[in-house]
Amino acid sequence: MTDLTARLAALRERAPAAVLPAVLDRAGLADHYVIRASLLGPVFIAFSRRGLTLVDLATDPEAAVERYRARRGRAVLPGEPPARFAAALERALVQGKTGRVPLDPAGLSPFQEAVLRKAAEIPPGEVRPYGWVAAEIGRPGAGRAVGNALASNPVPLVVPCHRVVRVDGRLGHYSLGTDHNKRRLLEAEGLDVEAHERLAGAGVRFVGSDTTHIYCHPSCRHARRITPRHRVEFRDARAAARARFRPCRHCRPRAN
């Protein structure tokens, strides 16, 4: 038997390099990725059968593949996403409409998943503070935890954590490349970042209209239509309430 085992072992040959990826793919043990153009340059977008798993800068695709394997513990192979997923991904990258891109929740805590899904609802060119996200998901006072969850967002750009800012209105940090990328993305979406930062520096948190008596976040699409003559600025929601202004139903400003 020992002699037979040795003879059989001698017949063993290493499988061609292409076999293992094919086997992993067929067994559902590998994820896939595409490289897509973006305002920040080429990006590495990985996905499983359940949805999006990672977005990374693709200046070095091979390095991105290795980072993925280290982070997810799974192989990742080139491959086009299903048509429906691809269409949603295209809308997210080109139009900034992110709400319909499916996410794979594996590796996310329920809290982080809730944070990401809420961030995906913020319209292009608008921003909300961390505390707003916390209140919207039923965790008022957890603004710092929201900031931490977004700092480790595995799918930035597609889930737009660049649209979430500090409680004082300043832009804060960004997880995909440099902090300047956050400014670039918001400016491309139509936000007047300089004007927004001037308001933040002056302590203005909300703006309202003296004709409708409704107040908004400064970046809200309704706030942008208020003419200077009718514009009223508020340092907090309590000041707006004392002036008998109602919160906007679109941007839902909160006392956070």
Side-chain angles (χ1 to χ4, degrees), residues 13-124 148-164 174-178 181-182 184-185 188-189:
E13 292 187 12
R14 185 178 295 277
V19 171
L20 179 58
V23 170
L24 292 173
D25 193 9
R26 287 219 167 188
L29 299 176
D31 296 334
H32 294 86
Y33 74 90
V34 291
I35 306 294
R36 290 287 189 267
S38 80
L39 182 66
L40 304 181
V43 286
F44 173 95
I45 300 174
F47 54 95
S48 69
R49 293 179 178 181
R50 300 178 69 185
L52 190 69
T53 56
L54 187 73
V55 175
D56 196 0
L57 296 177
T59 48
D60 184 344
E62 291 184 6
V65 166
E66 291 306 315
R67 286 195 296 271
Y68 188 88
R69 288 173 176 163
R71 180 169 184 166
R72 300 279 299 187
R74 288 172 62 88
V76 61
L77 310 171
E80 289 294 322
R84 194 171 182 178
F85 181 99
L89 185 60
E90 187 73 10
R91 284 193 296 272
L93 293 175
V94 176
Q95 303 174 28
K97 297 179 179 179
T98 59
R100 295 188 178 182
V101 179
L103 299 181
D104 184 340
L108 300 175
S109 69
F111 177 80
Q112 187 177 21
E113 183 181 356
V115 167
L116 296 184
R117 294 193 183 282
K118 180 53 62 175
E121 295 177 9
I122 303 172
N148 291 335
L150 292 175
S152 58
N153 175 13
V155 288
L157 189 61
V158 175
V159 170
C161 51
H162 62 276
R163 297 178 194 156
V164 186
Y174 187 49
S175 60
L176 191 61
T178 67
N181 284 345
K182 190 169 191 173
R184 291 178 62 193
L185 292 170
E189 291 176 355

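Index from 1, following the sequence. Just so it is clear, the values below take in all heavy atoms, side chains as well, and ignore hydrogens, waters and symmetry mates.
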**Student:** Could you tell me whether the side chain of Arg117 reaches within less than 4.5 Å of the side chain of Glu113, counting heavy atoms only?
**Tutor:** yes

**Student:** Rounded to the nearest 0.5 Å, how far does CG of Leu157 lie from CG of Asn181?
**Tutor:** 9.5 Å

**Student:** Once you round to the nearest 0.5 Å, how far does CZ of Arg67 lie from CG of Leu57?
**Tutor:** 7.5 Å

**Student:** May I ask you to decide if Leu39's main-chain N or O and Arg184's side chain share a donor-acceptor pair within less than 3.5 Å?
**Tutor:** yes

**Student:** Contact between Pro124 and Arg163 at the side-chain level, heavy atoms closer than 4.5 Å - yes or no?
**Tutor:** yes

**Student:** Below 4.5 Å, heavy atoms only, C-beta onward: do Glu189 and Pro123 meet side chain to side chain?
**Tutor:** no

**Student:** Is there a side chain to side chain contact (heavy atoms under 4.5 Å, CB included) between Asp60 and Phe44 once you walk through the steps?
**Tutor:** CA-CA 9 Å; Asp60 184 344; Phe44 173 95; over 6 Å; no

**Student:** Is Arg71 paired with Asp56 through a side-chain N to carboxylate O contact shorter than 4.0 Å?
**Tutor:** no

**Student:** Hey, are the side chains of Pro154 and Leu116 touching, using non-hydrogen atoms and a 4.5 Å cut-off?
**Tutor:** yes

**Student:** Around atom CD of Glu62, are there more than 12 heavy atoms of other residues, nucleotides or ligands at under 6.0 Å?
**Tutor:** no

**Student:** Work out which heavy atom in Val159 is nearest to a heavy atom in Ala120; give both atom names and the distance.
**Tutor:** CG1-N, 4.4 Å

**Student:** Of Arg74, Arg49, Arg72, which meets salt bridge (Lys or Arg N to Asp or Glu O under 4.0 Å) against Asp104?
**Tutor:** Arg72

**Student:** State, without any angle test, whether Thr53 and Asp31 hold a side-chain donor-acceptor pair at a distance under 3.5 Å.
**Tutor:** no

**Student:** Between Ala75 and Tyr68, which heavy-atom pair has the shortest distance, and what is it?
**Tutor:** O-CE2, 4.4 Å

**Student:** What pair of heavy atoms forms the shortest contact from Leu150 to Cys161, and how long is it?
**Tutor:** CD2-CB, 3.9 Å

**Student:** Testing Leu93, Val155, Ile35 for side chain to side chain contact (heavy atoms under 4.5 Å, CB included) with Ile45, which one passes?
**Tutor:** Leu93

**Student:** Before accepting this row, confirm whether a basic side-chain N of the pair Glu80/Arg36 lies closer than 4.0 Å to the acidic partner's carboxylate O.
**Tutor:** yes

**Student:** If you look at every heavy atom in Pro105 and Arg50, which pair is closest and at what distance?
**Tutor:** CG-NH2, 3.5 Å

**Student:** For the residue pair Asn153 and Ser175, what are the closest heavy atoms and their distance?
**Tutor:** O-OG, 4.3 Å

**Student:** Going by side chain to side chain contact (heavy atoms under 4.5 Å, CB included), Pro156 matches just one of Leu185, Leu54, Leu176. Which one?
**Tutor:** Leu176

**Student:** Would you call the rings of Phe85 and Phe47 parallel, tilted or perpendicular, taking 30° and 60° as the class edges?
**Tutor:** tilted

